[in-house]
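For reference, the structure is listed below as structure tokens.
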Amino acid sequence: MCRSKFEGVFRGFATFALAFALPLTPALAAQTACPNGIEIALVNGRIHTMDASNSVVSAVTMRGGKFVSVGHDAGGAAEAGCKKVINLQGRVAIPGLVDNHNHILLLGLRPGYHTPLESAASFADIRSIYAARIAGAPAGSFITTIGGFNPVQFAEKRLPTLTELDAIAPNNPVYLQVSFTGPSSTNTAGRNFFISKGVTVGADGSIAANTQTLLALNALRSVQTSADKRRSTIDAMTYAAQLGVTSNFDMGGFLIPGSPNHEDEFTFDGAASWDPYFAYEPILDLHRQGLMKVRIRVNYLTMDNALNLPILERRIDNAFREYGDHWLRTAGLGEFITNWPLFGGGTPLNYSAAVRKAAERGWIYQQHTLSTNEDNIAISAWEQLNADIPIAPLHWSIAHAVTITPQNIARLKALGAGLALHGFRYLAGTPAANGPPYRTILDSGIQVGAGSDSAQISTLNPWLMLYYMTTGRNSSGQLINAGQTLTRDEALRLYTAANGWFVKEEDKLGSIEEGKLGDVVVLSDDYFSVSDDALKKLGSVLTIVGGTITYDAGVLRVQDR
Ligand SMILES: [Zn+2]
């Protein structure tokens, strides 16, 4: 075992310990001027609390990061200058959305001025999204979109070419990459950069999937600085806040070849890959500086090859679980705990030892599955373990579950385990590749919540996920998940109140109730009554996290008192 391995592990651990010792959140910083904190009251709204009885109220007040009154403005308690009152003018507000499985930290590590295109329906949309991005970025910035979209979502059903990208962005290099490993497309300025780095780029700007796309991606990574990563992580958090996603359960990345421990684990290069010992540094820096815009829960992904699980063991022995503050906190393990039959195959030989180790130490755990074979591997091992160590108190769950059977749902329910459902089939799914079976699962009464599994193969945009959950239609409008849709109320509950359970924060996250964290989103339109097409275009006009405004579209007047 080489020395650098230990250094890598120690550096990661030390950084975590330091960050959590010095939390300086916006809420805390504000308290120095106002000894009892800033009080925020929202009045004259239609505020859907998502509490157990689905109450709708007109006013709420937040102080000290939490809701202190629901149903009326607590009124008058704050010192002069320490209260903000916001008249919602009848607008709909909901609890901050909770995404129970995404990769927002990978999104924050994207090289270039990363620009999500998940909501674009045509090249004309790309033009307007890129124009807005270019206007806010330094001249000549490299504009990138890496994963989170699929060409079939565009009316043109393909990637734009070099000529089309030159017309869209004449003064900036541009790079679009599909999914984990391409294919990709670039414009003239981007082509010149990539050719200088040894990448093969077609005259039409095309870059082939796999080897050439990885060369291109790594060329962009090679010129990325630590400051770039911090800026990009702020951009990722801002994007989530604009959409109303206030809590993100991050599920890690694949180990990039060449990282510490790479000889002991499954490795893979692509948009979902990172060095897990350095990957958390940008978010830890931002947290230390009080620059968090949304909540992040960290889950550790490890993929040991060896029977004795050296990587998992070191993570469990040296990291804290369920530790941190309300902004940044470690949760558990996932979405992998060992090397896994990603492309088919039997139970990993180290899997039962891995789940036992996790259970013995009390870790929360979420496991990725995409097939009945994988469901059976996980559930069989959990059933065996459950005879010795009950797993219900650990809040374990299966993620994605696109093909889960009624029989396997019943087995999981009997264990007290849950299902985390992700609508990534929205982008490019078909009637033969659809799911998850939302209706069957919800009606079973199992613990269930929803999320996106963005940033490579799915959209972080929750409104596209909620559209898919409630219509069963993909990005082309084709009905692919017939008979498995939910009502808007049911779907929203899965994206809010139902998700605290997955990180054992059901008493803090997901609904607007006194004592819970003050996370609320004022919507651009009425989620409950807009057309299906308008649902896809919803967003936030005001996002409040822990009683602090982290996104303000400038539509509402914030009145100081
Ligand atoms: Zn995932």
Side-chain angles (χ1 to χ4, degrees), residues 19-45 47 49-51 57-88 93-98 234 237-238 240-241 244-248 283 286-297 323-329 496 500 505-522 540-554 556-561:
F20 290 128
L22 300 168
L24 182 64
T25 64
L28 286 174
Q31 280 176 15
T32 52
C34 296
N36 295 311
I38 299 269
E39 185 170 292
I40 294 193
L42 304 182
V43 300
N44 193 25
I47 303 170
T49 64
M50 303 310 285
D51 67 5
V57 300
S58 65
V60 295
T61 308
M62 290 154 271
R63 191 173 58 240
K66 296 178 179 173
F67 292 109
V68 292
S69 72
V70 174
H72 59 281
D73 175 8
E79 299 79 2
C82 292
K83 176 152 184 160
K84 295 176 190 297
V85 178
I86 303 167
N87 187 332
L88 301 191
I94 58 170
L97 295 167
V98 183
I234 290 178
M237 288 195 285
T238 302
V245 180
T246 58
S247 293
N248 301 268
I283 195 67
L286 296 173
H287 177 258
R288 236 175 256 131
Q289 294 173 52
L291 296 175
M292 298 292 288
K293 296 193 176 291
V294 291
R295 305 186 192 284
I296 293 178
R297 300 294 178 261
Y323 188 76
D325 66 16
H326 294 320
W327 288 96
L328 180 63
R329 188 175 157 87
T496 53
E505 294 189 56
E506 54 270 62
D507 60 335
K508 298 186 183 71
L509 297 175
S511 62
I512 297 173
E513 296 179 75
E514 286 175 19
K516 283 197 158 185
L517 294 174
D519 301 352
V520 58
V521 176
V522 184
S540 168
V541 298
L542 186 79
T543 300
I544 297 175
V545 185
T548 301
I549 296 171
T550 64
Y551 172 70
D552 183 354
L556 296 163
R557 202 158 72 92
V558 181
Q559 210 181 346
D560 288 310
R561 275 201 202 145

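The analysis underlying the following values was restricted to heavy atoms, covering all of them including side chains, and did not include hydrogens, waters or symmetry mates. Just so you know, residue 1 is the first one in the sequence shown, and it goes up from there.
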Exactly one candidate in K84, R63, K66 meets salt bridge (charged side-chain N to carboxylate O under 4.0 Å, His left out) with E39; the answer is R63
Within the structure provided, determine whether I549 and I86 are in side-chain contact (heavy-atom separation under 4.5 Å). yes
I need the L291 CG to T238 OG1 distance, nearest 0.5 Å. 10.0 Å
Once rounded to the nearest 0.5 Å, what's the spacing between atom CG of L509 and atom CG of L97? 12.0 Å
Could you check if a side-chain atom of N248 sits within less than 4.5 angstrom of a side-chain atom of M237, using non-hydrogen atoms only? no
F67 versus L517, closest heavy-atom pair with distance: CE1-O, 3.1 Å
T550 to A241 - nearest heavy-atom pair and separation: OG1-CB, 4.0 Å
From the options K508, M62, R295, H326, select the one residue that forms a side chain to side chain contact (heavy atoms under 4.5 Å, CB included) with D519. R295
Evaluate the side-chain proximity of I544 to L42: yes if any heavy-atom separation is below 4.5 Å, no if none is. yes
Looking at every heavy atom in both S540 and A553, which two are closest together, and how far apart are they? O-CB, 4.4 Å
For T496, enumerate each residue passing the side chain to side chain donor-acceptor pair (under 3.5 Å) test, keeping only those at least two apart in sequence or located in another chain. none
Considering all heavy atoms of both residues, which atom of G81 and which atom of C34 are nearest to each other, and what is their separation? O-SG, 4.2 Å
With a 4.5 Å limit on heavy-atom distance, are the side chains of T246 and T543 in contact? yes
Can you find a pair of side-chain heavy atoms, one from Y551 and one from V521, that are under 4.5 Å apart? no
Less than 4.5 Å apart, any side-chain heavy atom of V57 and any of H72? no
Is any side-chain heavy atom of I234 closer than 4.5 Å to a side-chain heavy atom of K293? yes
Would you name the heavy atoms of E514 and S69 that are closest together and state the gap between them? OE2-CA, 3.5 Å
Looking only at non-hydrogen atoms, find the nearest pair between G71 and S58 and report the distance. O-OG, 4.4 Å
Are L88 and I47 close enough that some pair of their side-chain heavy atoms sits under 4.5 Å apart? yes
Any donor-acceptor N/O pair, T49 side chain to D51 backbone, under 3.5 Å: yes
How about E79 and N36: does a side-chain donor come under 3.5 Å of a side-chain acceptor? yes
